[in-house]
Amino acid sequence: MAETTYLEAIRQGIAEEMERDPRVFLLGEDIGALGGPFRVTEGLLDRFGPTRVIDTPVSELAIVGAAAGAAHMGLRPVCEMQFIDFIACAYDMITNYVATARYRGGLSTPLVIRGPSGGYVRGGPFHSQNPEAAFLHTPGLKLVCPATARDAKGLIKSAIRDDDPVLYFEHKYLYRRVKEDLPADPEILVPLGSARVARAGHHLTVVTWSAMVWKALEAAERLDREDGLSVEVLDLRSLVPLDDAAIVASLQRTNRVLIAHEDTRTGGMAGEIAARINELAFEWLDAPVRRVCAHDVPLPYAPPLEDYILPQAEDLVAACRWLANY
Amino acid sequence: MAETTYLEAIRQGIAEEMERDPRVFLLGEDIGALGGPFRVTEGLLDRFGPTRVIDTPVSELAIVGAAAGAAHMGLRPVCEMQFIDFIACAYDMITNYVATARYRGGLSTPLVIRGPSGGYVRGGPFHSQNPEAAFLHTPGLKLVCPATARDAKGLIKSAIRDDDPVLYFEHKYLYRRVKEDLPADPEILVPLGSARVARAGHHLTVVTWSAMVWKALEAAERLDREDGLSVEVLDLRSLVPLDDAAIVASLQRTNRVLIAHEDTRTGGMAGEIAARINELAFEWLDAPVRRVCAHDVPLPYAPPLEDYILPQAEDLVAACRWLANY
Amino acid sequence: MPSSRSTAGPQPLPTDLSATDLLALYYYMRLTRVLEERLVALHRQGKVVGGLFRSLGQEADAVGSAYALEPGDMLSPLIRNLGSMLVQGATPLEVFRQYMAKAESPTAGRELNIHFSDLERGFLGQVSSLGTMVPVMAGITLYFKLTDQPRVGLVYVGDGAMSTGAFHEGLNFAAVQRVPLVVVCENNGYAYSTPTRMQTAAARLVDKAAGYGLPGVRADGNDVVATYEVTREAVTRARAGGGPTLIELVTYRRKGHAEHDDQRYLPAGELEAWEQNDPIARYRDRLIGAGWAGVEDLGREDARVETEVDGALARCIDEPFPAIGTALSGVFADPPAAEPEWYRALPGAPSDRRAGEPPHG
Amino acid sequence: MPSSRSTAGPQPLPTDLSATDLLALYYYMRLTRVLEERLVALHRQGKVVGGLFRSLGQEADAVGSAYALEPGDMLSPLIRNLGSMLVQGATPLEVFRQYMAKAESPTAGRELNIHFSDLERGFLGQVSSLGTMVPVMAGITLYFKLTDQPRVGLVYVGDGAMSTGAFHEGLNFAAVQRVPLVVVCENNGYAYSTPTRMQTAAARLVDKAAGYGLPGVRADGNDVVATYEVTREAVTRARAGGGPTLIELVTYRRKGHAEHDDQRYLPAGELEAWEQNDPIARYRDRLIGAGWAGVEDLGREDARVETEVDGALARCIDEPFPAIGTALSGVFADPPAAEPEWYRALPGAPSDRRAGEPPHG
Ligand SMILES: Cc1ncc(C[n+]2csc(CCOP(=O)(O)OP(=O)(O)O)c2C)c(N)n1
Ligand SMILES: Cc1ncc(C[n+]2csc(CCOP(=O)(O)OP(=O)(O)O)c2C)c(N)n1
Ligand SMILES: [Mg+2]
Ligand SMILES: [Mg+2]
């Protein structure tokens with residue numbers, strides 16, 4: 001067992017699936033000789049050759065469209081968006097073509113679209129986005145956002161094996177900052193749609209995912225130390241399908257819930273979760289469902305501005321205190 | 001005073017603004033000689049000439065991009081999407097370029113993107129969409145959805161005069177079905193961000209917009225007749241900015257709220273409203289906030305399937321009864 | 001899919017088409033036209049649920065190009081490629097059912113008109129967003145290439161669709177990857193009301209080919225043999241590993257964009273001129289003139305078309321719409337179906353009460 | 001913006017450039033290079049907050065093409081068009097401030113590197129999505145056309161960006177509308193690690209012009225006079241109502257995509273070959289060889305560049321980052337600022353209690 005970074009975990013997961021299933025292949029910009037800007041696919045061209053690691057023109061829409069066509073025929077393409085922000089260029093293809101293919105015409109379209117997402121890295125407005133809300137809304141797409149190395153590996157493998165299109169949003173801040181001992185087990189699989197209790201607690205629940213999980217854990221630690229508050233951190237891991245049962249179960253234990261995400265607030269995932277909690281467990285609420293999210297502005301570049309606009313651990317601390325005192 | 005249809009009201013509003021302000025011009029596919037597939041722009045080419053009514057190639061991204069460039073320079077473009085579904089093709093341009101232009105670089109981008117949206121017309125999955133949730137989430141875009149002829153006119157005029165980009169989603173089912181006496185007043189203006197009480201009531205509130213307003217009114221009528229329930233119908237008119245105060249005020253009167261929209265549920269606008277209600281007026285809730293929305297599937301073509309998937313007046317009746325009995 | 005060569009008839013047969021093939025081309029064009037005419041009648045009667053899109057005058061380009069494919073090849077049609085789909089084996093029965101949204105339609109009432117697929121028979125249905133199918137077919141043919149199968153793909157684009165980003169990205173991708181894809185541009189003069197000169201400043205649409213490093217050819221789209229021949233050549237090149245070809249077929253859309261379109265935007269006389277260039281009438285004259293077929297042969301094909309169309313219509317006209325319960329299945333493989341919304345499956349009482357607590361209010 | 005013609009020096013001056021213009025071209029190229037070299041040092045010191053993108057070896061294509069514009073014209077640069085922006089009047093001070101995210105930077109710390117605009121001086125900053133600025137500049141030049149102003153726009157695209165749908169839609173739109181837009185493709189051999197032959201199968205990027213019905217010209221991008229001349233001709237045509245031109249400038253990106261890129265993907269010897277074709281060294285030799293400028297003249301320009309760059313850096317190096325409060329303003333004109341999130345402006349007590357009721361739980 002060796003320490004594996006979040007980034008290596010993704011690479012391992014992809015490589016293992018390519019090894020296991022000859023139908024799996026990769027396409028994206030600069031994923032071959034370069035290995036992608038963050039080196040997620042480093043070494044895979046050498047290992048699997050240019051018919052399974054395909055460098056494409058700068059054409060996100062064509063990458064996804066071509067992946068869809070190949071997927072209809074039984075292949076299992078994994079597309080890289082060089083930065084996940086550019087997934088916007090393939091929005092029509094993803095939402096109108098890929099997402100609807102099975103429903104419209106029984107076309108199986110098992111593909112994965114993955115790429116570096118998220119902020120806290122001074123990337124400015126176009127290299128820091130979390131585009132989950134843009135796709136959450138389209139029936140037919142699954143959506144996962146790992147926070148740990150283990151989940152990064154387990155979810156990429158499950159995503160590749162899934163028979164539906166899966167958007168896999170990896171967080172670039174975690175790439176090399178998060179590592180853990182992973183068994184050399186090629187069957188680390190994390191099922192889509194299952195949340196994980198990242199830390200158990202009984203005073204209140206923070207529902208979150210991706211990089212924000214680490215901020216929530218930091219906040220929980222501090223609240224424990226400074227306030228004697230026991231905060232449960234629920235790492236959703238998948239946004240679609242959403243593990244409603246895990247959210248409700250946690251809420252039933254704590255009766256207070258904070259939803260935290262890095263993306264901007266209005267129209268974000270937190271709204272959906274708040275509505276579901278109302279529908280599924282209203283009577284268990286001892287305080288309003290509250291959100292901690294980025295401010296509703298494009299993400300600025302200057303460090304103090306980025307830090308101000310994005311939610312930080314101390315914001316979670318403050319919000320948890322507010323909820324606990326309610 | 002003559003009866004003006006919703007469709008004529010849009011056309012009148014556009015024409016009056018073109019008359020009033022030489023900076024206003026139109027661009028879109030087939031908006032000139034054809035007047036658009038629904039004839040919204042009929043007659044405007046003859047009246048204003050080909051430099052103010054520009055037929056474009058089939059290029060939604062270029063239509064919006066060119067509009068943005070012209071808007072930076074002080075013009076006021078109004079773009080038509082032939083069906084609003086095709087706005088997906090301009091998604092990157094709208095969310096990454098247009099929405100961020102002022103924040104990034106102080107670039108003023110006063111443009112309107114409008115087009116026929118909505119279902120109930122046997123249009124199938126690609127001629128029936130309500131893409132509000134896809135844009136709601138992007139800071140920098142305003143979003144309006146009129147339900148009446150008066151608001152159709154008042155909002156298009158306000159949208160054109162607004163200094164920010166506005167998405168104006170008109171509902172094709174209402175085009176010729178909704179009419180009203182409009183004064184020949186060129187200053188019918190409906191401010192962005194202000195909701196309208198479409199029907200006052202005190203037992204519960206239905207928060208809704210666009211075509212669903214009419215279904216809510218029908219349901220309210222029936223609930224009054226059959227159950228003696230007094231249902232308030234709040235027509236939001238604008239989704240961004242959202243009239244939080246009107247929602248809270250209504251809820252404070254009725255203590256029960258149903259949010260109804262035609263678009264699919266998951267990740268839709270109703271989630272955002274549910275979250276805001278939790279944040280702003282949780283203690284006034286005597287029942288969970290509930291949603292009535294389309295089922296989470298691409299909209300099917302066959303009449304019974306479309307009717308099943310979309311929310312109908314009787315669904316609102318059932319949901320209101322549930323809430324009232326809670 | 002030409003059958004083996006034969007040499008009947010006084011003039012030599014064109015290219016590699018047999019007399020049987022020549023009759024088949026006639027049959028498919030007639031079938032296209034008659035089927036659409038029946039659909040017009042059904043549309044007037046309100047039996048066609050949505051819009052109706054004619055290919056009147058374009059039957060040759062659709063049929064001739066599709067006929068250049070072999071079994072195992074795949075095409076993706078546009079709204080005016082009913083003829084292409086028929087060549088690939090789509091049936092009048094399926095088409096009627098689609099337009100009338102019948103339960104037994106290929107998409108079970110979910111999609112409209114000829115938006116349906118059968119990967120076995122070799123056609124992949126379009127979606128509405130123009131240009132989309134070009135990258136998707138680039139992917140299908142990438143699959144052919146990656147798996148070393150000698151199969152070819154064919155995708156249609158209109159003069160309008162060529163303005164989309166999707167077309168550009170897809171064609172460029174296909175060209176760089178040298179996939180076995182033939183791209184047929186049907187230049188029918190209009191995109192809805194927009195004439196081709198307002199769609200592009202290029203002198204000819206085929207002039208775009210060089211920009212992608214591709215061979216480009218232009219042919220008379222109303223000559224079914226010509227459309228067959230140019231496509232056949234491109235298909236052969238693609239199959240041999242020579243990569244994509246861009247073909248421009250020049251034709252004319254003689255009906256409005258859809259049935260409701262009164263074509264107010266047409267310049268005077270233009271339509272009438274093209275009526276003189278009807279692809280079926282031209283081909284009929286040629287078949288007879290060259291001695292490749294007799295009047296009776298053609299009469300037999302005409303009768304067969306009528307019988308088949310009538311039979312298909314009779315069979316499905318009274319079929320039901322799909323049952324509403326079907327609408328929730330198949331968004332995902334897993335889960336196989338969505339739950340009905342709560343207000344449809346009305347719970348007798350709220351299910352989320354805190355155990356033992358009285359209800360609010 | 002050439003000043004009036006003059007005829008000093010032993011060889012005749014090229015085209016319509018005066019001796020002053022020739023020195024200005026040199027000055028802008030040197031300014032670009034020196035400024036970038038300073039940025040490299042700042043980047044190593046961690047003072048450049050984000051990435052750094054060099055235009056080493058491409059200074060001629062940026063400067064020469066931009067120099068062909070007149071006051072009132074507008075250009076939209078790419079990441080390697082620092083030189084073009086300097087020609088349009090952007091200052092080293094602004095550039096330093098942008099890279100270091102200073103409060104006084106043109107975007108007040110919101111956007112990075114050279115993503116900033118000044119419509120007065122005539123440059124519109126890019127966004128990251130490649131291709132986007134082509135339709136936007138089509139709109140700016142549409143404005144020039146609609147308002148009958150004799151102004152011209154220039155937009156740059158890379159060999160990579162030409163694969164985007166945005167490029168295609170924008171160029172086609174511009175061509176159909178015949179707007180006064182010049183499109184300069186900088187073929188620098190790579191898009192990040194992807195060589196141009198994997199980006200397109202076209203023999204030359206300029207071969208795309210015909211597909212849009214446009215004139216296309218190709219020039220040596222490392223010859224600043226040549227880039228000036230081809231652009232000048234296109235600008236003049238555009239101003240006269242002749243519509244867009246597609247220009248391909250052949251050059252080479254001598255540094256990695258960004259500072260962190262080790263260029264592992266380069267074939268051996270390629271970089272070295274291009275180092276022999278440095279646009280500044282070439283131009284310097286030519287200026288001196290043709291007698292258009294003396295060594296002392298160039299020395300004066302070199303010194304001026306150093307002084308300006310040093311002065312700008314000294315002025316801003318210790319400036320502060322923007323104040324956090326500024327981050328909420330200017331998403332909309334109305335409302336002018338967003339509210340801080342509730343967890344930042346912590347309310348002392350919940351504000352939504354029902355009056356007179358005890359809190360829950
Ligand atoms: C991306 C997109 N934008 C707009 C439309 C609306 N639309 C449907 S058909 C059509 C014209 C198509 O013209 P063309 O490509 O020439 O095909 P034709 O109808 O002539 O066969 C338009 C604009 C669409 N379907 N997709
Ligand atoms: C739509 C889009 N996709 C991907 C990227 C990531 N990206 C940034 S620069 C670049 C390469 C650009 O190459 P080219 O257009 O040739 O410009 P150059 O850097 O060579 O000047 C890529 C792929 C992007 N910025 N935008
Ligand atoms: Mg056409
Ligand atoms: Mg390049």
Side-chain angles (χ1 to χ4, degrees), chain B residues 23 25 27 51-52 54-75 77 89-90 92-93 96-108 110-111 139-142 162-165 192-193 240-241 248 252 255 278-285, chain D residues 74 76 106-108 110-111 115-119 124-125 127-129 131-149 153 164-166 168-177 179 327 329-335 338 342 350-355 357 359-360:
Chain B
R23 299 170 305 170
F25 75 105
L27 68 178
T51 58
R52 296 188 66 197
I54 301 179
D55 270 330
T56 68
V58 183
S59 302
E60 286 76 14
L61 190 156
I63 292 169
V64 175
H72 292 336
M73 304 305 287
L75 299 184
C89 300
D92 179 58
M93 184 61 78
N96 282 326
Y97 189 82
V98 170
T100 63
R102 181 181 297 281
Y103 189 79
R104 276 187 293 112
L107 295 162
S108 176
L111 59 82
L141 303 173
K142 294 177 178 174
D162 201 87
D163 288 333
D164 290 312
L192 305 192
V240 181
V248 169
Q252 288 178 338
N255 305 113
N278 263 263
E279 289 164 346
L280 299 171
F282 178 69
E283 292 290 339
W284 278 275
L285 284 173
Chain D
M74 178 95 72
S76 184
T107 65
R110 291 168 181 202
E111 254 283 25
H115 290 204
F116 65 98
S117 306
D118 185 342
L119 302 185
L124 177 67
V127 290
S128 296
S129 284
T132 296
M133 301 316 293
V134 181
V136 175
M137 286 300 293
I140 295 229
T141 49
L142 179 65
Y143 160 78
F144 295 160
K145 183 186 126 182
L146 293 179
T147 54
D148 248 330
Q149 302 179 54
T164 63
H168 174 70
E169 293 199 5
L171 185 58
N172 185 55
F173 183 100
V176 169
Q177 288 295 328
V179 293
S329 65
V331 175
F332 294 108
D334 173 27
W342 67 285
S351 61
D352 65 337
R353 288 285 149 78
R354 208 186 278 213
E357 271 198 26
H360 256 265

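Each chain gets a letter, A, B and so on, in the order its sequence line appears, and its residues count up from 1.
- Looking at S329(D), only its backbone comes within 4.5 Å of chain B, counting heavy atoms on both sides.
- Interface remark: of the candidates D163(B), V248(B), L75(B), L75(B) forms the most heavy-atom pairs closer than 4.5 Å to chain D.
- Using a 4.5 Å cut-off between heavy atoms, A175(D) makes no contact with chain B at all.
- Considering only heavy atoms from C-beta on, L119(D) comes within 4.5 Å of M73(B) through its side chain.
- Annotation: maximal heavy-atom pairing with chain D below 4.5 Å, among G140(B), P139(B), G105(B), occurs at G140(B).
- Counting heavy-atom pairs closer than 4.5 Å to chain B, the top-ranked of the candidates N172(D), T107(D), T132(D), L142(D) is T132(D).
- Between chain B and the options F173(D), Y143(D), F332(D), the largest number of non-hydrogen pairs under 4.5 Å is found for F332(D).
- For F116(D), the ring pair (Phe, Tyr, Trp, His ring centres under 6.0 Å) partners two or more places apart in sequence, or in a different chain, are F123(D).
- Contact of P57(B) with chain D is made through the side chain alone, with heavy-atom distances under 4.5 Å.
- Looking at heavy atoms from C-beta onward, Q177(D) lies in side-chain contact with I54(B) at the 4.5 angstrom threshold.
- At least one side-chain heavy atom of K142(B) sits under 4.5 Å from a side-chain heavy atom of D334(D).
- Heavy-atom pairs under 4.5 Å with chain D peak, among V58(B), T51(B), D162(B), at T51(B).
- Closest of all the heavy-atom pairs between V127(D) and N96(B) is CG1-O, 4.3 Å.
- Neither the backbone nor the side chain of L171(D) has a heavy atom closer than 4.5 Å to any heavy atom of chain B.
- Taking all atoms of both residues into account, the shortest heavy-atom contact from S117(D) to L107(B) is OG-CD1, 3.9 Å.
- Contacts of M93(B) with chain D are made by side-chain atoms alone, with heavy-atom separations under 4.5 Å and no backbone atom involved.
- Heavy atoms of Q252(B) lying under 4.5 Å from chain D are absent altogether.
- Neither the backbone nor the side chain of L192(B) comes within contact range of chain D; no heavy atoms are under 4.5 Å apart.
- Atom OG1 of T100(B) and atom CZ of R110(D) lie 11.5 Å apart (nearest 0.5 Å).
- The two residues A62(B) and P135(D) make their nearest non-hydrogen contact at CA-CB, 3.8 Å.
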